[in-house]
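Scroll down for the structure; my scribbles are underneath it.
Quick caveat: nothing in here was measured; it's all calculated off a predicted structure.
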Amino acid sequence: AYTDRLTQVASREQVERQAGRDLAACAADGDPFSLLVFDVDHLKAINDTYGHQAGDAALQRICAIVRQSLRGSDTLGRIGGDEFVVLLPQTVEAHARQIAGRIRAQLAHSRAGEAGPLSVSIGVAEW
């Protein structure tokens, strides 16, 4: 219930629980809290062209790459088919934007088999 079976990141339910804990802690301490929301670009085309196995591999590869850019206190979770969120406690928006840029750059140099280069669209917000 806590982990998405395919990607091995936090499930939507776990992300919601963790977001509540992180927000409460940041509010109590007066710390910033930022959030990345991203979806995989062209996942439907990958699935349609190369099959769902290739799409699943792309999702797994993306999650592995995103994890490399995060601290132990951050949470990566899957909230929908190709939609993900990263909880960044004690992080200002400017630093969250740097993390988002690093993720996009690392993905640009990565491939998921025959599906080619990977990319995501990322939104950033600070609470």
Side-chain angles (χ1 to χ4, degrees):
Y2 296 119
T3 305
D4 177 70
R5 197 177 82 214
L6 174 66
T7 60
Q8 298 301 301
V9 300
S11 65
R12 180 184 187 116
E13 295 80 14
Q14 180 61 13
V15 166
E16 290 172 356
R17 282 191 215 61
Q18 189 62 45
R21 288 190 292 264
D22 287 350
L23 282 170
C26 286
D29 296 339
D31 290 332
F33 176 87
S34 290
L35 176 77
L36 305 180
V37 178
F38 68 90
D39 62 40
V40 179
D41 296 335
H42 315 294
L43 184 63
K44 182 177 178 349
I46 293 170
N47 284 334
D48 290 348
T49 304
Y50 303 105
H52 287 274
Q53 242 181 340
D56 289 351
L59 293 173
Q60 291 166 335
R61 181 78 178 123
I62 287 167
C63 288
I65 290 169
V66 171
R67 279 186 180 150
Q68 294 172 0
S69 294
L70 303 179
R71 306 167 296 186
S73 60
D74 302 332
T75 301
L76 168 60
R78 186 176 183 193
I79 58 173
D82 68 342
E83 299 162 341
F84 295 84
V85 66
V86 178
L87 307 176
L88 300 167
Q90 301 174 335
T91 304
V92 296
E93 182 180 350
H95 187 235
R97 288 186 183 282
Q98 290 175 344
I99 294 167
R102 188 169 53 242
I103 290 168
R104 289 180 49 89
Q106 288 172 337
L107 287 172
H109 294 95
S110 178
R111 300 179 76 78
E114 58 190 10
L118 299 170
S119 66
V120 295
S121 297
I122 304 176
V124 179
E126 180 183 343
W127 171 81

>> Between V124 and E93, is the side chain to side chain contact (heavy atoms under 4.5 Å, CB included) condition met? List the steps.
In response: CA-CA 7 Å; V124 179; E93 182 180 350; 3.9 Å; yes

Can you hop from [X] to [Y] via hydrophobic side chains spaced under 4.5 Å?
X	Y	answer
I122	V86	yes
L70	L23	no
L35	V92	no
L59	V15	no
L107	F84	yes

> Which of these, H95, R97, E126, sits in a side-chain contact (heavy atoms from CB on, under 4.5 Å) with S34?
Replying inline: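 The option that passes is E126.
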
Quick one: [atom1] on [X] to [atom2] on [Y], what's the gap to the nearest 0.5 Å?
X	Y	atom1	atom2	answer
T91	F33	OG1	CZ	8.5 Å
H52	N47	NE2	CG	4.5 Å
D82	S121	CG	OG	9.5 Å
K44	T49	NZ	OG1	9.0 Å
S69	R104	OG	CZ	13.0 Å
D4	E13	CG	CD	10.0 Å

Show the nearest heavy-atom pair for residues [X] and [Y], with the distance to one decimal.
X	Y	answer
A10	T75	CB-CG2, 4.0 Å
A58	I46	CB-CD1, 4.4 Å
D41	S119	OD2-OG, 2.8 Å
V120	V40	CG1-CA, 4.0 Å
P89	D74	CD-OD1, 3.7 Å
R12	I79	NH1-O, 2.7 Å

> Around atom CZ of R71, are there more than 12 heavy atoms of other residues, nucleotides or ligands at under 6.0 Å?
Replying inline: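 Atom CZ in R71 is packed in, count exceeds 12.
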
>> If you count heavy atoms of other groups shown closer than 6.0 angstrom to CD of Q68, is the number above 12?
In response: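 Counting other residues, nucleotides and ligands, CD of Q68 exceeds 12 neighbours.
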
> Distance only, no hydrogens: is a donor on one side chain within 3.5 Å (strictly under) of an acceptor on the other, for Q90 and S73?
Replying inline: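 There is no such pair between these side chains.
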
> With a 4.5 Å limit on heavy-atom distance, are the side chains of D22 and W127 in contact?
Replying inline: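 No, too far: nothing below the 4.5 Å cut-off.
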
> Please walk me through it: do F38 and V66 pass side chain to side chain contact (heavy atoms under 4.5 Å, CB included)?
Replying inline: CA-CA 11 Å; F38 68 90; V66 171; 3.9 Å; yes

> Would you find a donor on one side and an acceptor on the other, under 3.5 Å apart, between the side chain of Q8 and the backbone of T3?
Replying inline: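 No.
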
